[in-house]
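Have a look at the structure below before the remarks.
Reminder, nothing fancy here: chain letters follow the sequence lines and each chain counts from 1. Heavy atoms only: backbone and side chains are in, while hydrogens, waters and symmetry mates are out.
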Amino acid sequence: MTEKITPFAIFWHKFKRRYTAMVAGVFIVLLVLAAVFAPVVAPHDPFLTDYSLSMMPPSLSHPAGTDLYGRDILSRIIYGSRISLAVGFTSVFVGALVGVTLGLVSGFFGGFLDGLIMRTSDVLFAFPGILLAIAIVAILGPGLVNVVVAVSVFSMPTFARIVRGSTLALKESLYVRAAKSVGASKRRIMFVHILPGTLSGVIIYFTMRIGTSIITAASLSFLGLGAQPPTPEWGAMLAESRDYIGVADHMTIFPGIAIFLTVLFFNLFGDGLRAALDPKTK
Amino acid sequence: MSGGYSPFPSAGPRRVSSKKAEFMLKYFFKRCMAILPVLFVVSVLAFAFVHLLPGDPARMMAGDDADEATIEMLRTELGLDRPLPVQYLTYMGKLVRGDLGISLRTNLTVFDELKLRYLPTMYLAFAGMAWSVVIGIFFGAVAAIYSGKWQDYTAMMVSVSGISVPQFWLGLLAIQLFSVHLGWLPVAGYTGKFSELILPSFTLGATVAAIMARFTLSAFLDVLGEEYISTARAKGVTETLVMWKHAFRNALIPVITMVGLQFGFLLGGSVVVETVFAWPGLGRYMIEAVAVRDYPVLQALLLLYSFHFVFINLVVDMVYALINPEIRYE
Amino acid sequence: ETRDIIYASESTVKSLDPHDTSDTYSGAIERAICQGLMGFDKNLNIVPLLAESYTFNEAATQFTFKLRKGIKFHDGADFNAHAVKVNIERMMTGKYKRSSLMKPVESLMVLDDYTVQFNLKEPFGAFVNAIAHPGSLILSPKALETYGDEVSKHPVGTGPFIFDQWVSGNFVTIKKNPDYWRGDVKVDTITFRPIPESGSRLAMLRAGQAHYIYPMPAELLKIAERDANIDIIKQPSIIARYLIMNTQFKPFADIRVRQAVNYALDKEAIIKIAWGGAASEADSIIPPNLQFYKKQAVWPHDLEKAKALMKEAGYENGFEVVFLTPNASNRLRATEMAQQQLKKIGITGSLQSMDVASFYNKLEGYRVDDAKPLPFIAFGGWSASTGDADWGTRPLISTEAFPPAMSNFGFFSDKKVDGFITAGLASANPDIRKKAYADLQDYVWDKAPWGYLFVDTMVAAKSKKLKGIYPMPDGAFSVEEAELVD
Amino acid sequence: MTSRSQDEKSPGDRSPGLATALNEDEILSVQDLSLSFPTYEGFIQVLHKVSFSVKKGETLAIVGESGSGKTVTMRRVMHLLSNVRTDSGKIMLRKRDNSVQDITLLSKGEARKIRGFDMSMIFQEPMTSLNPLFTIGNQLSEALLTHQEFPRQEVQKRVVDLLELVRIPDARRRFSEYPHQMSGGMRQRVMTAMALACNPQLLIADEPTTALDVTIQAQILALIRSLQEKFQMSVIFITHDMGVVAELADRVVVMYKGRVVEENDVFSIFARPAHPYTRALLKAVPTLGCMRGRKNPATLPVLEMEKELNRAKGEPLPREEEIDTADHTADPILEVNNLFTRFVSKKNFFGKTTHLVHAVEDVSFKIYPGETLGIVGESGCGKSTTGYALLKLVPATGEVLFQKRNVMAISNQEMQALRQDIQFIFQDPFASLNPRQTIGTSIGEPMVIHGIGDKRSRQARVGKLLERVGIPAHHASLYPHEFSGGQRQRIAIARALSTKPKVIIADEAVSALDVSIQAVVLNLMLRLQKEMNLSYMFISHDMAVIERVSHRVAVMYLGQIVEMGTRQHIFEDPRHPYTRKLLSAIPIADPMKRTDFGMLTGEIPSPVRKISEPPRKIMLNEVTPGHFVADLVSTL
Ligand SMILES: Nc1ncnc2c1ncn2[C@@H]1O[C@H](COP(=O)(O)OP(=O)(O)OP(=O)(O)O)[C@@H](O)[C@H]1O
Ligand SMILES: Nc1ncnc2c1ncn2[C@@H]1O[C@H](COP(=O)(O)OP(=O)(O)OP(=O)(O)O)[C@@H](O)[C@H]1O
Ligand SMILES: [Mg+2]
Ligand SMILES: [Mg+2]
């Protein structure tokens with residue numbers, strides 16, 4: 001093809017053709033903005049109770065209705081996005097940080113260390129994710145911070161595996177061999193040559209994992225192990241509303257949709273990234 | 001027997017298959033050896049679990065209104081006063097004899113309790129797996145075959161939605177729709193009827209179906225780029241055969257490993273689904289056990305879950321070796 | 001055609017050994033299979049059952065029961081004094097969860113085949129309540145011999161239903177006892193199924209997949225009321241709900257602060273929103289259905305007074321506490337509302353919800369001599385399962401009940417209160433006891449040991465076709481008269 | 001998937017009524033074929049009015065450099081392209097029943113019926129063109145049964161016949177084997193058998209031998225030649241190797257940048273190339289034997305293709321430059337004694353090694369200052385491993401003396417310093433540069449690692465090095481993918497030069513490049529050698545390239561050296577049968593001298609051996625001064 005195409009241009013060209021991913025990207029940006037500017041965007045104080053407004057269906061002043069205590073659901077969803085995004089992002093970030101490090105070390109040094117790390121991740125794999133989270137929360141007690149810890153622990157092994165896989169491949173690559181032959185140190189090879197090469201896989205998984213983490217955190221809240229009231233966490237809102245299905249459906253529907261769309265768009269965004277970063281697609 | 005389809009059932013000498021059998025046996029042992037350390041670590045973790053939880057296990061086991069003497073007695077009885085490695089060995093020794101302890105809540109042996117709840121969870125998990133494999137592979141294949149067309153987008157949207165719905169929400173909505181409004185299916189619980197299995201297993205399988213669909217899609221696309229697909233077309237093989245004989249089979253190979261890995265996810269999901277659907281299985285049992293701090297039960301459940309995961313993956317590995325002739329056997 | 005009833009409940013059966021059962025639900029099912037010497041009627045009045053009558057001495061140390069003749073257990077064994085002895089002595093070993101019921105007993109004497117006499121260590125006026133308690137049901141001596149402690153899986157009694165099947169974690173089925181001594185049983189089987197999701201429970205009833213659900217989620221009453229095939233049953237209970245505060249420590253050591261809390265609580269709103277309306281405001285330290293209850297004036301919701309009291313006590317700017325609650329959704333909601341309301345008088349703090357086990361574990365962790373920096377407010381609940389005022393007060397507000405002994409988690413201690421409680425037990429004479437408890441209730445109400453909340457109303461729902469099953473004030477239920485009509 | 005876009009043609013380009021425009025003796029005629037692919041910038045035309053035809057029973061070779069459109073053309077003929085747009089043109093095919101049809105007009109289904117029946121195709125990659133999940137028998141039967149009905153029993157017989165036809169030994173047994181149980185050469189034969197299953201009249205072979213070793217290539221070429229004679233098929237043979245063209249073709253079509261630039265019979269093409277591109281192509285090919293009688297290596301007489309295209313007629317070609325830098329009187333700069341590298345190949349159940357790969361087995365040689373030692377041998381004989389072993393990139397034992405210091409015995413720190421003096425150039429220019437670093441960073445990296453100069457001086461040197469290898473200095477900030485293959489290899493060379501090394505190990509440094517670009521890179525390397533007095537260890541499997549660049553040559557076989565001597569010794573007086581076999585397998589780029597590949601049979605042996613059965617040690621005899629030949633007794 002013509003010269004002067006930067007990797008980013010190729011990426012962008014492929015990415016923008018996935019219109020679902022573009023829509024997702026826009027949504028995520030809006031969501032982040034809403035979270036950051038929640039006090040400006042939210043029509044009401046998310047903590048303001050007014051028992052006389054208990055469980056009002058959607059109306060002009062409360063577009064998503066009110067909850068049990070007469071709090072504005074839309075405002076709570078907007079404030080809740082702060083928590084869901086923060087939990088999703090932080091837990092995946094921590095998981096990725098540890099996972100990438102372990103995967104890199106494991107793939108690069110091999111041998112005993114590799115065996116140790118991989119067996120450990122096998123073990124973590126062997127405990128079904130949410131059970132692991134429940135166990136961890138059972139040990140640490142409920143609460144958002146512990147949810148983050150739990151969710152990061154079980155997103156970690158996948159990161160480790162992804163990175164280990166591409167590290168193993170890159171370790172054998174000619175350019176790493178070339179770097180070795182000119183005398184590059186192990187550290188240099190690991191961080192300058194191998195690590196950047198593993199990142200595209202990490203980024204893709206990272207985006208998708210945020211969705212999964214948001215759901216897991218919500219599920220933990222649903223099981224009563226997550227965020228504590230009156231925190232406007234989406235999963236907790238759902239858990240709170242489930243006793244009213246059939247009576248006040250808006251209490252279930254709106255937080256449910258918030259989770260669904262957020263996770264959906266993170267997934268679509270991740271799909272788009274994958275397609276765009278995959279050299280096989282055009 | 002090898003997995004390849006042959007137009008001549010009797011064709012070819014059997015020598016290969018006996019060699020293969022021998023290889024499979026060896027391979028099996030090798031895999032078994034490899035999972036031993038995993039099981040070991042898992043058992044240590046499950047053992048450590050009780051000791052990691054805040055509070056004195058004996059005090060918790062003794063219950064609300066026990067006095068110090070009872071607790072002290074229990075402590076000796078449980079061997080909690082001995083060094084940890086000794087405790088672990090005792091624990092393992094009992095484990096090997098199938099003694100998982102006694103449920104603090106019901107005073108029944110944990111073994112008996114698990115026995116009761118085991119099958120319902122397995123039904124649920126396997127039915128969920130069936131849903132996800134069928135739906136996932138179908139959508140994935142459609143998306144790959146019609147790559148870039150509306151079918152592709154639709155299939156992928158549907159399956160990505162599957163990942164994005166929280167299972168508990170999906171379950172609640174499904175009950176409202178299918179059981180309350182339409183009245184087609186039982187609401188909840190399990191007493192052995194097939195109809196009771198449909199909604200929970202679908203809810204459970206939906207997420208994994210989405211994952212499978214994605215994975216099938218990418219495996220399929222990889223395969224479609226392979227030269228042997230061109231070869232098949234160059235022979236003049238019909239497009240249908242190219243897709244379903246040449247491409248599909250090859251795409252399925254990586255998908256099979258995925259099935260094993262997703263099984264763990266499925267078991268995890270069963271915790272939520274069983275709660276929503278009042279399913280008398282291990283998942284709900286776990287939640288109940290957490291709520292009342294029934295330690296022997298939790299310990300046993302952790303072991304059982306991970307053992308299953310490891311075992312299923314062993315089976316998957318074997319299947320994989322069976323159907324993939326490229327696994328070397330000489 | 002068989003008449004089969006499905007009873008969907010929130011809880012799971014934990015054991016079917018009455019002596020070793022601590023939960024109401026299992027106890028209720030046991031009561032369909034087994035019976036005690038005495039029992040409760042719908043309103044928790046004590047009525048003779050396997051005993052024809054009883055007598056007791058003035059000092060409340062000796063109780064003699066005359067047993068009914070001609071009753072057989074399901075396995076054919078005869079019911080007689082021997083059977084009672086076997087059962088009571090089993091309980092007296094101290095090994096079982098309900099052994100405490102027989103703690104006051106010094107010895108049991110078989111006077112003749114159909115007369116037994118309990119000799120107590122010290123006066124215990126509420127002893128007949130203990131005998132009526134589901135923990136004191138009588139199992140077949142033959143079954144006890146055959147199964148030992150495994151009897152929990154094979155309960156055999158004299159009740160209207162025979163145990164059929166129990167799949168742990170799943171359902172329990174009982175079937176009609178054709179030879180029931182009190183008359184004809186009108187249904188063939190009853191299956192008890194656990195459906196923890198309240199929405200699913202109602203959905204099952206509406207879809208005809210269950211005949212009776214308990215608890216009927218009060219939040220969904222609107223739906224159930226609209227359904228023409230459903231009957232709602234409401235019944236006042238003996239379950240008291242209140243907020244526990246640590247009364248030994250600042251700031252709750254100050255009675256004005258405790259009173260301020262009581263003024264600040266909007267009980268009506270809490271009942272309506274958190275409890276779906278299924279409760280009535282507390283009007284004494286014990287619920288109306290308990291023996292010797294005496295009505296008091298409900299604490300009014302008066303923010304101004306509350307603020308004034310706070311100011312008087314020197315907490316004009318409020319203080320910080322931690323709210324503790326079990327994570328069951330209605331308790332969580334109620335605590336959340338208390339949190340919202342107390343914020344208005346400056347009592348703020350974070351909320352920690354946890355499973356029941358951790359909750360009590362945490363409460364039991366506090367000691368009276370602790371130096372806890374952060375005071376707590378915890379959502380408490382108590383069902384005095386003996387139906388007696390003693391059990392509704394002594395374990396909760398007497399000095400001897402400081403944890404870990406019993407459940408006085410707020411360390412409320414008052415010499416006068418302890419005095420009334422002792423007096424209430426010193427005699428089995430109802431008049432004497434009544435007076436003691438009346439004094440107690442009058443005295444303690446203003447002392448505000450708790451943030452008084454409300455007394456649960458039990459709500460169940462059933463198919464119109466089903467008759468004769470009703471909930472009992474202690475949260476149990478009776479199925480003896482169950483009947484399906486078309 | 002074939003897509004409907006194949007049928008989307010601009011109707012104006014088609015002249016109707018010419019449906020039978022095919023001469024009697026022709027079987028296929030491609031007329032004015034233009035194709036476009038959708039890309040980032042919209043549709044890009046890759047074929048421009050391509051026209052050629054194939055006569056009955058003839059072999060047509062299509063040559064041209066990489067990307068010139070050879071494969072695209074033939075895949076279009078086979079209806080095997082998806083999302084391509086046919087802008088103009090016709091493809092006329094004479095079917096078996098002698099009817100003629102424009103196959104661009106066919107629907108998917110109709111095209112399918114022609115594929116494999118009227119014409120069939122063999123692909124370049126034998127390792128991946130068979131489906132790994134099905135037995136050979138199954139895949140061959142499928143080819144048969146797709147177009148014809150056969151009774152069940154007969155199918156197997158026919159399949160076995162076909163396998164025997166392509167000279168697969170023990171055909172009955174192979175029937176139920178899977179592709180992975182066969183070598184590349186055998187797979188390519190199976191592919192050929194598959195293509196022949198329905199006796200098509202036209203066989204299209206797209207570089208069927210490029211991925212194979214010379215000896216195996218020779219076998220396949222011989223096979224195709226004999227089959228073509230036997231069945232009187234027409235064959236279209238795509239290749240970029242002029243030697244192969246000379247061996248096989250009757251006529252030649254030369255493609256360049258999506259256009260046919262020349263079409264002629266093979267003799268005329270070689271004797272009187274008309275188009276400058278064809279001339280350049282022929283000049284750029286190092287031909288075996290053209291160095292005969294000369295002592296020293298020399299550059300190739302061609303510069304870059306573009307320049308060649310623009311050269312005025314009659315202007316003299318650039319002169320060949322002799323490289324006489326070798327100083328055999330000095331002490332060797334690198335001396336290797338008894339070098340061994342063995343890899344674990346198999347372990348038993350208990351983790352004990354049972355089989356070893358004897359990759360390098362007791363190898364000894366010397367390299368003198370300014371000298372190029374060529375190392376040749378077939379795939380897997382241990383050439384690369386030897387190179388890696390010298391720099392301790394793989395575990396090895398033995399003695400490697402660099403300027404008299406034993407590399408094997410020195411500390412890591414000293415080794416580090418030494419790495420400045422010995423540099424590597426790898427085969428794959430695409431893979432040997434980190435795609436995420438600018439080329440400037442890559443070139444400067446060795447200097448950073450060894451702490452040479454400061455940032456500014458390093459930058460200056462990177463610029464100089466780039467210019468030295470013919471790339472503008474300001475390109476330092478570009479990424480590897482923005483360069484062509486030849487440019488990347490030059491960048492790799494620049495990187496190797498950055499620490500001013502004395503010895504460069506070039507492992508198949510030009511094998512992945514097009515002939516024309518190969519020539520440029522070879523010339524560059526030779527000139528650099530002259531300027532900087534470099535010593536090269538030049539690894540290649542291409543005898544002609546080795547002949548061009550080496551002062552001395554070592555022939556490797558199964559990890560051992562079987563013959564070593566000056567270039568003239570090896571190429572003009574080969575003594576060892578293996579050396580002779582290699583030489584005889586090379587197609588000569590001269591249609592007048594067709595080789596008889598008859599003496600070549602068998603597979604490449606494997607260096608994997610049981611641990612209890614080490615290979616026999618080969619003794620080298622010095623037959624004439626400086627010419628070492630393995631003792632025949634010990635090798636064969
Ligand atoms: N599917 C495609 N989409 C876009 N461009 C393509 C596609 N296939 C081939 N091309 C382009 O068409 C041109 C011709 O490619 P082709 O594969 O025919 O070359 P070739 O002569 O066979 O080269 P080689 O010797 O490397 O096999 C190249 O520029 C290539 O990049
Ligand atoms: N890291 C390794 N582990 C195991 N075996 C190896 C390893 N590297 C190379 N080999 C084996 O050693 C033998 C020699 O390999 P080497 O790469 O040196 O051959 P080569 O002559 O360079 O071949 P080619 O022309 O294919 O590059 C081969 O059989 C190869 O499979
Ligand atoms: Mg090509
Ligand atoms: Mg090599």
Side-chain angles (χ1 to χ4, degrees), chain A residues 1-18 104 108 110-112 115 163 166-167 169-203 275-282, chain D residues 37-41 44 67 82-83 384 387-388 390-394 412-413 415-437 441-443 445-451 475 478-484 487 492 495-496 498-499 501 504-505 507:
Chain A
M1 298 293 107
T2 45
E3 284 187 297
K4 291 267 31 156
I5 293 180
T6 63
F8 181 76
I10 295 180
F11 163 79
W12 180 240
H13 171 82
K14 289 185 185 176
F15 187 78
K16 71 175 185 234
R17 283 197 331 192
R18 311 270 306 188
L104 195 62
F108 190 77
F112 175 74
V163 171
S166 39
T167 302
L170 288 179
K171 204 168 74 167
E172 296 305 317
S173 76
L174 224 42
Y175 70 79
V176 166
R177 202 157 251 204
K180 259 191 221 162
S181 78
V182 299
S185 65
K186 286 197 166 138
R187 227 182 57 207
R188 185 177 182 88
I189 288 178
M190 255 168 89
F191 292 109
V192 176
H193 293 284
I194 294 185
L195 184 61
T198 64
L199 287 186
S200 71
V202 169
I203 290 171
L277 290 172
D278 183 353
K280 281 196 300 283
T281 59
K282 283 178 232 99
Chain D
F37 279 112
T39 65
Y40 312 125
E41 284 94 30
I44 286 206
S82 57
N83 71 341
S384 302
Y388 296 147
L390 297 186
L391 272 184
K392 295 213 286 196
L393 292 176
V394 292
N412 278 347
Q413 219 154 8
M415 185 69 213
Q416 193 68 358
L418 205 129
R419 286 207 158 108
Q420 294 181 41
D421 291 329
I422 310 180
Q423 288 289 327
F424 233 100
I425 303 173
F426 295 90
Q427 162 166 14
D428 193 343
F430 290 83
S432 63
L433 293 169
N434 188 337
R436 286 168 205 85
Q437 285 183 344
T441 316
S442 283
I443 296 174
E445 186 171 22
M447 292 187 276
V448 175
I449 291 168
H450 296 290
H475 282 181
L478 301 183
Y479 286 87
H481 74 269
E482 297 174 70
F483 294 90
S484 69
Q487 284 175 316
R495 172 172 61 183
S498 70
T499 55
I504 286 182
I505 303 169
D507 184 2

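Both the backbone and the side chain of A:Val192 come within less than 4.5 Å of a heavy atom in chain D. Heavy-atom distances place both the backbone and the side chain of A:Ser181 under 4.5 Å from chain D. For D:Gln420, no part lies under 4.5 angstrom from a heavy atom of chain A.
Going from atom CZ of D:Phe424 over to atom CZ of A:Arg177 covers 8.0 Å, rounded to the nearest 0.5 Å. Interatomic distance, OG of D:Ser442 versus NE2 of A:His193, reported as 7.0 Å (0.5 Å rounding).
For the residue pair D:Arg495 and A:Ala178, the shortest heavy atom distance occurs at NH2-CB, 3.4 Å. Between D:Ala431 and A:Leu174, the shortest heavy-atom distance links the atoms O-CB, 3.6 Å.
At least one donor-acceptor pair closer than 3.5 Å links the side chain of D:His450 to the backbone N or O of A:Val182.
Top candidate by heavy-atom pairs under 4.5 Å with chain A, chosen from D:Leu391, D:Ile422, D:Leu433, is D:Leu433. The greatest number of non-hydrogen atom pairs below 4.5 Å with chain A, out of D:Gly67, D:Pro501, D:Pro446, is found for D:Pro446. Most heavy-atom pairs under 4.5 Å with chain A, from the set D:Asn434, D:Thr499, D:Ile449: that is D:Asn434.
Figure legend: cation-pi geometry between D:Arg436 and A:Tyr175 absent, as NZ or CZ is not positioned both under 6.0 Å from the six-membered ring centre and within 45° of its axis.
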_D:Arg419/A:Lys180 under side chain to side chain contact (heavy atoms under 4.5 Å, CB included): CA gap, chis, key distance, verdict_ = CA-CA 9 Å; D:Arg419 286 207 158 108; A:Lys180 259 191 221 162; over 6 Å; no
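Put simply, the side chain of D:Glu445 reaches to within 4.5 Å of the side chain of A:Arg188, judged on heavy atoms.
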